[in-house]
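Have a look at the structure below, then the notes.
A note on names: the letters A, B, ... follow the listed sequences, proteins ahead of strands, and every chain is numbered from 1. Values below: all heavy atoms of this structure, side chains included; hydrogens, waters and symmetry mates excluded.
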2 protein chains.
Amino acid sequence: MSDWSARSLARRLGEEFAGLPAGTRVASEHELMRRFGVSRSLVRAALDELVTRFLLRRVQGAGTFLNNRIDYVISSRNPPSLHQTVAAAGSEARTFLVDVTQMPVPDVVATALECDPGTPLNRLLRVGYVDDLIANSIEEWLAPEVLEHVDVSLRAVESLNEVLRMGRYQPVRAWSRAAPDFPPEDVEERLELERAVPVWTIETVTRDARTGRALLYSRSWMRQDVIRLVFEFDNPDLAYPG
Amino acid sequence: MSDWSARSLARRLGEEFAGLPAGTRVASEHELMRRFGVSRSLVRAALDELVTRFLLRRVQGAGTFLNNRIDYVISSRNPPSLHQTVAAAGSEARTFLVDVTQMPVPDVVATALECDPGTPLNRLLRVGYVDDLIANSIEEWLAPEVLEHVDVSLRAVESLNEVLRMGRYQPVRAWSRAAPDFPPEDVEERLELERAVPVWTIETVTRDARTGRALLYSRSWMRQDVIRLVFEFDNPDLAYPG
DNA sequence: GAGCATTTGTCCGTATGTATT
DNA sequence: CAATACATACGGACAAATGCT
């Protein structure tokens with residue numbers, strides 16, 4: 001094959017790049033033009049496909065690089081922390097508190113926390129990184145009753161679960177939902193996305209184990225080009241013979 | 001805003017199309033060029049974004065249409081059938097048996113079925129449709145011991161579970177895994193994909209409830225532009241107060 | 001079936017802008 | 001500041017599929 005289509009070139013380059021380690025810089029668009037004797041638009045179309053396949057990452061002015069994507073397996077039994085998973089893959093995960101403000105709750109959050117829509121509640125905004133790359137944006141809403149017992153503004157920088165436990169609660173994950181999506185405009189900005197990148201939306205409701213009352217609603221958007229979620233289900237009634 | 005970028009135009013068109021019912025034909029590229037005073041490439045870039053967002057579907061020679069995407073919620077409690085879900089959404093799901101052949105098992109399948117790699121086993125190939133659109137491609141491998149007890153070739157057109165039950169088995173889903181991916185080349189052809197479309201890969205191992213022996217390994221690729229998978233987890237220890 | 005207009009698919013060459021090094 | 005590399009947009013040309021006459 002010496003006459004290239006965008007798809008065939010994408011496949012060819014995909015195979016060629018498959019062996020290289022993450023972070024490697026690949027040939028520039030002009031080099032590829034010369035190498036394959038095609039126009040720049042065709043080279044870009046091929047590279048575009050590999051970007052949507054999460055294989056490449058492009059940085060204007062710098063070059064095109066092999067993307068580092070981390071598998072995060074959510075099993076029905078022991079859900080490991082994302083932090084741990086990222087560390088095990090040889091990368092570093094960090095989370096920063098961006099903002100804490102009291103805001104009227106949107107309707108979705110209100111129903112999850114069983115309070116009136118528009119009630120002013122504490123909203124925490126966090127941003128997660130994996131090796132200097134923005135990986136996710138987290139929005140956490142504290143239920144009204146938690147306000148009275150916990151001083152969020154100062155201690156919230158660390159784990160929210162810890163803060164809740166200090167407030168004499170027994171926080172447990174009562175419900176959660178995960179689905180692939182494209183983020184709304186404001187989240188797109190927080191994630192610094194300049195193109196349509198698919199994300200995971202992950203919602204959870206945390207309750208107090210004793211009273212059953214809702215304590216926390218959290219909504220997270222996780223870039224799919226950074227993290228690859230995998231769901232695994234085991235039937236506990238059947239042992240897996242070794 | 002009167003000078004358009006591809007992204008801003010995509011957003012504008014996205015809002016404009018949001019209200020229209022699925023299947024509606026939208027304005028042609030030339031119409032949009034005239035309406036917004038931009039080049040065809042810019043119009044196409046904007047429409048491309050909406051296609052990757054699963055909002056539009058394009059048919060060469062015919063036009064651009066609003067895509068019909070069906071939510072499929074997999075809850076930890078009662079997993080409903082895809083067939084049911086599609087029907088509830090007002091569409092029709094159908095599955096056709098494409099091929100039954102005896103083939104040497106690939107390694108992945110062999111380990112799942114606990115047999116030697118390369119063992120010749122019955123492989124069933126199915127294709128699923130949602131309203132005349134290919135939705136998924138299913139590959140099913142029957143364990144060696146099932147061969148002796150069940151005549152697949154004739155009856156397999158209907159539910160495989162039924163066939164297994166007729167063979168005096170008690171099939172139960174022992175393990176399953178789901179992850180978003182891009183299909184390998186051969187599956188891409190079966191799904192008739194002409195561009196990089198993300199799919200769900202869904203693997204399951206079915207065992208016999210009594211003996212615990214592996215009966216069936218199934219691997220399915222489901223187009224994300226047709227089905228939107230949602231995972232929902234409930235903590236059974238906590239009742240959700242109404 | 002044949003022919004034709006419409007519509008999307010693919011590719012090229014060029015120009016200009018912007019971020020990085 | 002200059003060179004490099006990716007980002008964005010234009011206009012043109014031809015191909016291929018569809019649908020109608």
(message) Of the options C:dT7, D:dT18, C:dT8, whose atoms approach the side-chain atoms of B:Arg58 most closely?
(response) C:dT8
(request) Check the pair A:Asp225 / A:Arg195 against salt bridge (charged side-chain N to carboxylate O under 4.0 Å, His left out), numbers first and verdict last. (result) CA-CA 12 Å; A:Asp225 55 348; A:Arg195 41 176 291 156; over 6 Å; no
(request) Rounded off to whole Å, could you give me the CZ-to-C1' distance for the B:Arg7 and D:dT8 pair? (result) 13 Å
(message) Side chain of A:Ser5, heavy atoms from C-beta onward: which of C:dC11, D:dC6, C:dG9 has the nearest atom to it?
(response) C:dC11
(request) Consider the side chain of B:Ser41, meaning its heavy atoms from C-beta on, and name the nucleotide among D:dG11, D:dA17, C:dT18 that approaches it most closely. (result) D:dG11
(message) Parallel, tilted or perpendicular: which one describes the rings of B:Phe231 and A:Phe231, with boundaries at 30° and 60°?
(response) parallel
(message) Base, sugar-phosphate or nothing for A:Arg25? Non-hydrogen atoms, less than 4.0 Å.
(response) sugar-phosphate
(message) What's the closest nucleotide to the side chain of B:Ala6 if the choices are D:dA9, D:dC6, C:dG9?
(response) D:dA9
(message) Under 4.0 Å between a side-chain nitrogen and a carboxylate oxygen: does that hold for B:Glu49 and B:Arg53?
(response) yes
(message) Which residue in the set B:Arg126, B:Arg219, B:Arg123 passes side-chain hydrogen bond (donor to acceptor under 3.5 Å, both in side chains) when paired with B:Glu140?
(response) B:Arg126
(request) Report the distance from atom CD of A:Glu29 to atom C1' of D:dA5, rounded to the nearest whole Å. (result) 7 Å
(message) In whole Å, I'd like the distance from the CZ atom of B:Arg57 to the C1' atom of C:dT8.
(response) 13 Å
(request) Taking only the side-chain heavy atoms of B:Arg40 (C-beta and beyond), determine which of C:dC12, D:dA9, C:dG9 contains the nearest atom. (result) C:dG9
(request) Please state how far atom CD in B:Glu194 lies from atom P in C:dC11, giving the value in whole angstrom units. (result) 13 Å
(request) For A:Phe65 and D:dT4, give me the distance from atom CZ to atom C1', rounded to whole Å. (result) 12 Å
(request) Round to the nearest Å and state the distance from B:Glu49 atom CD to D:dA9 atom P. (result) 11 Å
(request) Grab the CE-P distance between B:Met33 and C:dT8 for me, whole Å please. (result) 11 Å
(request) Return no unless some side-chain N or O of A:Arg44 is found under 4.0 Å from OP1 or OP2 of D:dA5. (result) no
(message) Does atom CG (B:Asp186) have a neighbourhood of more than 12 heavy atoms from anything else shown, all under 6.0 Å?
(response) yes
(message) Rounded to whole Å, how long is the line connecting atom CG of B:Leu50 with atom P of C:dT8?
(response) 14 Å
(request) Could you work out which one of D:dA16, D:dA9, D:dT18 sits closest to the side chain of B:Gln60? (result) D:dA16
(request) Output the single nucleotide from D:dA9, C:dT20, D:dC6 whose closest atom is nearest the side chain of A:Ser28. (result) D:dC6
